[in-house]
Number of protein chains: 2
Amino acid sequence: MPNWLKQRAFLTPERPALYFGKKSWTFSQLYEEVQVYAAFLEQHGIKHGDYVGVLVKNTERAVFFIHALQQIGAVAVLLNHRLTSAELLWQLEDAQAKCVVYDPAFQPITEAFEGVHTINVATREHITGMQGRETFDLKEVCSVMYTSGTTGRPKGVLQTYGNHWWSATGSALNLGIHEQDCWICAVPLFHISGYSILIRSVVYGMAVRLYEQFDEQKINEGLQKGEGTIISVVSAMLKRMLDQLEGAYHPSFRCMLLGGGPAPKPLLEACTEKNIPVYQTYGMTETSSQIVTLSPEYSLSKLGSAGKPLFPCQLRIVGEEKEGEILVKGPNVTHGYLRREEANHESFSDGWFHTGDVGYLDEEGFLYVLDRRSDLIISGGENVYPAEIESVLLEHPIVAEAGVIGVSDEQWGQVPVAFIVVKERLHEEEVKAFCSERLAKYKCPSSIFIVEQLPRNAAKKLMRRELKVEYEKRQNK
Amino acid sequence: MPNWLKQRAFLTPERPALYFGKKSWTFSQLYEEVQVYAAFLEQHGIKHGDYVGVLVKNTERAVFFIHALQQIGAVAVLLNHRLTSAELLWQLEDAQAKCVVYDPAFQPITEAFEGVHTINVATREHITGMQGRETFDLKEVCSVMYTSGTTGRPKGVLQTYGNHWWSATGSALNLGIHEQDCWICAVPLFHISGYSILIRSVVYGMAVRLYEQFDEQKINEGLQKGEGTIISVVSAMLKRMLDQLEGAYHPSFRCMLLGGGPAPKPLLEACTEKNIPVYQTYGMTETSSQIVTLSPEYSLSKLGSAGKPLFPCQLRIVGEEKEGEILVKGPNVTHGYLRREEANHESFSDGWFHTGDVGYLDEEGFLYVLDRRSDLIISGGENVYPAEIESVLLEHPIVAEAGVIGVSDEQWGQVPVAFIVVKERLHEEEVKAFCSERLAKYKCPSSIFIVEQLPRNAAKKLMRRELKVEYEKRQNK
C-alpha cells in the first residue's frame, strides 16, 4: 500500500490538511514539514521498527511528529501527559522505547526519566527533509496506546496500519465522505479518538481543525461559522457546548460523534431540539476507535443504545442469559497487547476480542452496553480503572483492603471513590495525599470511606455493585 | 468479513437498494428476494465453489441472481450476450462451468449449448429462502470475466471479493459517499463497469437505478428529476446524452464517471459549459473497474489525461523513453487469469500488472494513455481485440494473412477494419459473411481490404501502425 501521507500529497497536494490557530497547511505543505521532522528524528538515530514515546500537546508539531514517525516506520508509543512521571516511565520501559519525543511544556515530567533519551520537539533544526518510504505494510505496528484492564498493570495495545486503515474506511462507510469535510479535533491526539482523526485526514484527503484544548465557546463559534463538519466529543464536552450554545450550527455541520459511554437522555433531547445530528458510538483503544455506532434517526427511539457495528465488523454477546459479555470482531481490532501473552490468551478467541463490557442486543440487533468494562470509570473522557487505584491504595502500609467504584459527578460525568479497610487508625486526608503523589489527578479518589469490611462473593471477589449500593445509602443519609 | 448483502440488510434495512422500471426494493427486500433465488440455485445443485455461467440482461432478476451466487459462494462467470453461442460455449468450457443461468430472452443462444445444464431465470419458484453464509472471504474468487489480450483466446480474469472490496472503497475515497447517493447503471452488468456498481451498492448502502438498456432520453429525464447522483458512461453514451439534453441536470447530480478511453475535447468542453462534472477514468477488467481517475477541475487543463491513481493504487511506466508500458499495482488488481500460467507469468511481476497499454506521466504525475492496449479497439464501449478477429479470418481457407486495426467511426467511436492477403481470388463480401457467422456483430470488420502483403517488422511481427497509415492513405484518395 502506498505511504498514506505521501500518496495524499501526490494526489491532492492543494487540498487543506490542517488548521491550527491562525495557521493552515495543505497536504503538500504538511508533507514537506513532516519530511523535515522525519530527517530530524533520523539524526537522533531513530530507525524503522524503533519504539518511540510521544509526549505531546495538541499542536501542529504533534501532528508533524506523529506523521514523521510513520514516514520512518518507527512505532509511536502515545503517552498520556496527565499521568505521573512514574506511570509514564513504567510504560516506556514496558514498551522498550528507544527514546521520548516531548513537548517543551512537559520538560518537568521528562526530567524524572532517568536514563531515557529525550528529544525536545522545539529543538527541530532547519534541515533537508528526508524522503518518506514508498509503502506502508498494513500488518506493521503503527502505534501503541496503554490501557488498563480490570486487573494489574496497563497493557500496550498494538495498533497496526491495517487496524487504522480499516477503522478509517469503516467509519467512512457509516458517516460518508463529503468533499468539504473538516473534522474538528479537540480530543487528545494521544487517545485513539484524536489519533484516528489524523489517520482519516490522510486517507480521505480531509482537513483537520486541531484545538490545543477543549474550549466550548471557541468550538461553538467555529461550528457556527462553518469551520467544521464533524467533531468527536464525549458527553461532558457536549453538555458544555450545549450550555453555552446560542442559535444553531452552520448547515454544513453534519456529525456530532459522541463517544465515551452512554449519554443522558436530556442531553440527547436538547440536541434533537437544536437539530444537532448526534451519532452515539462505542469503541475503545483495542478497536482503533469506533466499532458500533447509532445514527441520529435512532438517537431517541433507541435511547441508551450504542447502535450497530460498522460495516466490516461483527458483534456477539456471550453469556448464559440475554445479557452477557460483548465480543467484537473486525479488521480494526488489535491483534493483541504488547508482550502480554496471558492477557492475549484471555482476551482473544477465534478472532473475537472479549471487551470485558457487559451488554445485550435487542430484537433488531441494536447493542445496549450495560456496564462499560464492568468497573471502568470514565471521568472527563478519561478511562479510570478501579484496579489501578486499588493497587496504589494497597501500597499504603496501613491499608488492608481497597475497593474503588465510579460515582456520578456533575462536572466530570464520573469520579472514583474508594472504600478501604485499615489495619490501624488512619485519616482519609492522609490517604488522599498518598494517592496524589502516585496517581494522575483525575484518578485520585474524590472521597475515601473507611469501612469494617468489603463486600465479597464466595470466591472472595470484590462485588463492586454492592459498594455502589453502600455509596447510595451514605448519600441518602 | 461479514456477508456484504446480509450485513447491509441488517445495518440499513429500510434504505433503498434498487430501482428498476417502476419497482423498487429496500436492502431488506433485496436480501429477501436474493435468499429465494439462492434457494432456487441450491435446488439446482449449485454449491460453494461452483463456476456458474450468467447470461442475463440488465433486469432486477440479474441483480438477484448475481447476489444469490455470492450468498452461496458460487463463482459467477459473466457472459457477454453479444457474443455468439460458439464463443460463449468456449468460455463456459474454459471456466469448467457447472451450468448456466440465463434470461429467457437468450434461449436461442443457450439452445446451442449442447451438454450444458441451463437454468432459465424465469422458472424461479416461490420457495423458502436460504440463509446466506455468515462471512465472505476476501481471498475467494467472486466473479470471472473474459477478456482478450493481443494474442490468442480470451482469458478469464479472476476477481476476488477482496478485489471488489478495494475497488469500491478506493472509488469512495476518490468520489466521496453521500447519504442520498444513487448510482445509475445503464452499462451491462456482465461488464465490470456494471457489476462494480452492484458491489458499491451493498458496501456503501447506496441505491442503484438499473436500466435495461441505455436510452439517452430516459436517462436525461431521470437526471433532471434528481433520480441519480452518479452515472457510469463511455464517450459514445455521453455524446448522445449531450446531444439530446435541454436544460441542466438536477443539482444533486454530482459525478459523470467517464470510462472507455480518452474523450474528445469538444465533448468535454460541452460538459464544462453545461456544468456537468466529468470524472475521466482509466480501468479494465483486470483492475476490477477504475484505477486512475481525473477529477473535473482538471478536465480541461489536463485534457487527454486519465488522471492519478486511486488512493490504494500505484502506477509506473516502464520503457526506455518517457513513454512506455503502463504498469499498475493495487489490491483491486486481479491475481491472475484462470488457468493461464503463461499469461500470468507474462502479465505479472513483483505485484505489478502489465496492462499492455502505452502511456506516459507528466511532471505532476498525471497519466496519459497513448494507445489503449496498443491494438485494442473500443467500439460502442465494447473491447474488440484485433487478434481475435485475425484468428477468425485465418480460419478461412483462402485467407493467408490477416491484420486488423480500429478506425474512427462517428457512431461507435471505433470500428474494426481488416487487411488480408489471399491465396486466390476472393470477394470481400464473402469474407464478411464468414465473419458474421463466427463473431459478434460489433467485432465484424466494417471494411475488408485485400492487399499484396502486410507490413511486418524484422521479427515478422505485424506492424499495425503501418496499417493505420495505409488506411488513411486509402481514405484520402
Side-chain angles (χ1 to χ4, degrees), chain A residues 1-4 6-15 28 134-136 138 162 165-166 168-181 200 202-206 254-255 277 292-298 307-316 329-331 351 361 364-366, chain B residues 1-4 6-15 28 134-136 138 162 165-166 168-181 200 202-206 254-255 277 292-298 307-316 329-331 351 361 364-366:
Chain A
M1 180 132 207
N3 169 337
W4 298 342
K6 189 175 185 176
Q7 176 83 338
R8 186 44 73 191
F10 164 58
L11 294 180
T12 56
E14 300 309 322
R15 274 200 213 162
S28 147
E134 280 308 308
T135 55
F136 283 0
L138 294 186
W165 173 269
W166 285 91
T169 50
S171 175
L173 293 176
N174 188 41
L175 303 178
I177 305 179
H178 294 200
E179 286 66 25
Q180 302 308 323
D181 272 342
R200 291 182 204 115
V202 288
V203 172
Y204 305 169
M206 173 191 72
R254 65 184 193 87
C255 172
V292 177
T293 308
L294 186 72
S295 40
E297 61 262 41
Y298 298 109
K308 289 184 178 178
L310 295 188
F311 193 82
C313 304
Q314 292 162 275
L315 193 57
R316 222 168 73 190
K329 193 178 194 171
L361 300 172
E364 291 171 85
F366 285 86
Chain B
M1 179 131 209
N3 169 338
W4 298 341
K6 189 175 186 175
Q7 176 82 338
R8 187 43 74 190
F10 164 58
L11 294 180
T12 55
E14 300 309 323
R15 274 201 214 163
S28 148
E134 280 308 307
T135 54
F136 282 0
L138 294 187
W165 172 270
W166 285 91
T169 49
S171 175
L173 293 176
N174 187 41
L175 303 177
I177 305 179
H178 294 198
E179 285 66 25
Q180 301 309 322
D181 272 343
R200 290 182 204 115
V202 287
V203 172
Y204 306 170
M206 172 190 72
R254 66 184 192 87
C255 171
V292 178
T293 308
L294 185 73
S295 39
E297 61 262 41
Y298 298 109
K308 288 184 178 180
L310 296 187
F311 193 81
C313 304
Q314 292 162 274
L315 193 56
R316 220 168 73 189
K329 193 178 194 170
L361 300 172
E364 291 170 85
F366 285 86

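Please read all numbers here as calculations on a predicted model, not as lab measurements. Just so it is clear: chains get the letters A, B, ... in the order the sequence lines come, proteins before strands, and each one is counted from 1.
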* Asked: Who wins among E134(A), M1(A), H178(A) for the most heavy-atom pairs under 4.5 Å with chain B?
  ->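 Answer, by heavy-atom pair count under 4.5 Å with chain B: H178(A).
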
* Which one of G351(A), G205(A), A168(A), G176(A) has the most heavy-atom pairs closer than 4.5 Å to chain B? ->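 Max contact count across the listed options: G176(A).
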
* **Contact origin within P309(B) toward chain A - heavy atom pairs under 4.5 Å** =>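 Contact with chain A: backbone and side chain both.
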
* To do: Check each atom of R8(B) against the heavy atoms of chain A and say whether the ones under 4.5 Å are side chain, backbone, both or neither.
  =>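 Both parts, heavy atoms under 4.5 Å.
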
* Closest heavy-atom contact between I177(B) and L173(A)? ->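 In this case the closest contact between I177(B) and L173(A) is CD1-CD2, 3.7 Å.
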
* To do: Work out which heavy atom in P312(A) is nearest to a heavy atom in P2(B); give both atom names and the distance.
  =>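 Closest approach of P312(A) to P2(B), heavy atoms only: O-CD, 3.5 Å.
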
* How about Q180(B): does its CD atom have over 12 heavy atoms from other parts shown lying under 6.0 Å from it? ->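 It does not: Q180(B) CD has 12 such atoms or fewer within range.
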
* Under 4.5 Å from any heavy atom of chain B - which part of W165(A) ->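 Just the side chain, heavy atoms under 4.5 Å.
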
* Region of S295(A) in contact with chain B, defined by heavy-atom distances below 4.5 Å ->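 Answer is neither: S295(A) stays 4.5 Å or more from chain B.
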
* Quick one: are Y204(A) and F311(B) in side-chain contact, heavy atoms under 4.5 Å? ->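 No, side chains not in contact.
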
* Asked: In terms of heavy-atom pairs under 4.5 Å with chain A, which of R254(B), E364(B), M206(B), K308(B) leads?
  ->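 Answer, by heavy-atom pair count under 4.5 Å with chain A: K308(B).
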
* Asked: Between the side chain of Q7(B) and the main-chain N/O of C313(A), is any donor-acceptor distance below 3.5 Å?
  ->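 Yes, Q7(B) side chain to C313(A) backbone: donor-acceptor pair under 3.5 Å.
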
* Using salt bridge (charged side-chain N to carboxylate O under 4.0 Å, His left out) as the criterion, list what pairs up with E14(A), not counting sequence neighbours. =>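 None.
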
